Amino acid sequence: MREYRDKPKHFVEPTDAEIKARTKRNVALALALLGFTAFVFVTMVSRGVLPS
């Protein structure tokens with residue numbers, strides 16, 4: 001099956017500032033997800049809803 005669109009012919013190399021911003025964004029997202037997971041776990045433990 002052929003691709004319906006043309007293949008990209010050139011790629012833009014990200015600048016150092018863009019890479020740093022991406023890294024900071026990824027770390028912030030990871031920390032937010034970890035915090036949310038911990039919040040849900042603590043809430044479930046405090047309510048006694050954990051499956052046994």
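Treat the numbers as computed from the prediction; the structure is a model and nothing was measured. The first residue of the sequence shown is numbered 1, and numbering continues consecutively from there. Side chains included, hydrogens not; waters and symmetry mates left out as well; all remaining heavy atoms used.
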Problem - Contacts of type side chain to side chain contact (heavy atoms under 4.5 Å, CB included), residue Thr15, not counting sequence neighbours - result: Ala17, Glu18

Practice task
If you link ILVMFWY side chains whenever their heavy atoms are less than 4.5 Å apart, which other residues fall into the same cluster as Leu31? By chain and number, please.
Solution key: Val27

Handout entry: Any residue meeting side chain to side chain contact (heavy atoms under 4.5 Å, CB included) with Thr43, in chain and number order, not counting sequence neighbours
Key = Phe39, Arg47

Exercise for the section: Quick one: list whatever passes side chain to side chain contact (heavy atoms under 4.5 Å, CB included) with Val40, sequence neighbours left out. Expected result: Phe36, Met44

Problem - Co-members of Leu29 in a cluster of I, L, V, M, F, W and Y side chains, linked at under 4.5 Å - result: Leu33

Handout entry: Other residues, nucleotides, ligands: >12 heavy atoms within 6.0 Å of Asp16 CG
Key = no

Handout entry: For Ile19, the rest of its hydrophobic cluster, which grows through side-chain links under 4.5 angstrom
Key = none

